[in-house]
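So the structure is just underneath, and the comments pick up after that.
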Amino acid sequence: MSHELKELLDSNRRWASQTQARDPGFFTRLLAQQAPQYLWIGCADSRVPASEILGLLPGDVFVHRNVANVVVPSDLNALSVMQFAIDMLKVRHVIVVGHYGCGGVTAALHDRRIGLADNWIRHVHDVRNKHRTWLDGIEDDTLRLDALCELNVLEQAHNACATTVVQDAWDRGQEVIVHGWVYGLHNGLLEDLRISAGCAAEVAPAYGMALGALKTRFDAIRKKGRP
Ligand code: CO
């Protein structure tokens, strides 16, 4: 039995030659430098690949992914990616992207054990606990999960704003905008949760507005039943 993953390497050869045929010099240009405008912080879920969803090419988006798109100030990995992307590559946009039907968020919502990741998902438990009273008012399980997926985006985007990396960039007047989006596995669409903040003073109002809009939207769906 072969251990070579030949199908993947063959697929890569086809992709490289098609890319080169479509745009001669593509790889040579990328060799010179990477100058992405965007840092994507998303879930590790295989169904949410950053560049493909955005219709972008290699070189366009710097990516950090982990289980349930969590941003915590003790995570040296995420902070290192953010610091490199913001300080060195000068990305203008940091986009925290969650998705509906997220396994990590589901586990947090239902206190379901996964394994080692339970410790990581504690951060999503914190989000659930913070909004528990409101979440418990949503009877429909799927709708409550959708709501927690969105709340997790708002909280993690808020956490991204609070990192020293983003705060320092804003202090020196560098243009960095933090966004929070959610992705639908069922339709391939990204939605902006409108928490975008481009300076320290915008963070609290943006969070408040986005949270208010989220709750209004879910309360309306709850009252009239799922569409
Ligand atoms: Co996920």
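From a predicted model like this one, the values you see are computed outputs, not experimental measurements. The analysis underlying the following values was restricted to heavy atoms, covering all of them including side chains, and did not include hydrogens, waters or symmetry mates.
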Checklist entry - Who passes side-chain contact (heavy atoms from CB on, under 4.5 Å) against Val105, sequence neighbours left out? => result Ala68, Cys102, Val124, Leu145, Leu148, Cys149, Asn152

Checklist entry - Taking the side chain from Arg194 and the backbone from Ala210, do they hold a donor-acceptor pair closer than 3.5 Å? => result no

Checklist outcome for this item: Note: Pro36 and Asp60 closest approach over all heavy atoms is CB-O, 3.4 Å

Checklist entry - Parallel, tilted or perpendicular for Trp181 and Trp40, by the 30°/60° rule? => result perpendicular

Next on the checklist: Tell me whether Glu4 at atom CD has more than 12 heavy atoms from other residues, nucleotides or ligands lying less than 6.0 Å away.
Outcome noted: no

Checklist entry - Aromatic rings His186 and Tyr100: how do their planes relate, parallel, tilted or perpendicular, breaks at 30° and 60°? => result tilted

Checklist entry - In terms of heavy-atom contacts, does CZ of Arg65 have more than 12 from other residues, nucleotides or ligands at under 6.0 Å? => result yes

Checklist entry - Where do Val153 and Val96 come nearest, in terms of heavy atoms and distance? => result CG1-O, 3.8 Å

Item to check | Salt bridge Lys90-Glu175, side-chain N to carboxylate O under 4.0 Å | outcome: no

Checklist outcome for this item: Ala160 and Val166 have their tightest heavy-atom pair at O-CG2, 3.3 Å

Checklist entry - Just wondering, are more than 12 heavy atoms of other shown residues or ligands nearer than 6.0 Å to CG in Leu76? => result no

Checklist entry - Would you call Lys224 and Asp219 a salt bridge, using N to O less than 4.0 angstrom? => result no

Next on the checklist: So for atom CG, which belongs to Leu116, do other residues, nucleotides or ligands contribute more than 12 heavy atoms lying within a distance under 6.0 Å?
Outcome noted: no

Item to check | Residue that, paired with Glu150, satisfies salt bridge (charged side-chain N to carboxylate O under 4.0 Å, His left out) out of Lys215, Arg217, Arg144 | outcome: Arg217

Item to check | Centroid-centroid under 6.0 Å between Phe27 and Trp15 rings | outcome: yes

Item to check | His131 versus Glu155, side-chain donor and acceptor atoms under 3.5 Å | outcome: yes

Next on the checklist: Using modelled atom types and a 3.5 Å cut-off, is there a donor and acceptor pairing between side-chain atoms of Arg112 and backbone atoms of Thr106?
Outcome noted: no

Checklist entry - Can you tell me if Asp111 and His125 form a side-chain donor-acceptor pair at under 3.5 Å? => result yes

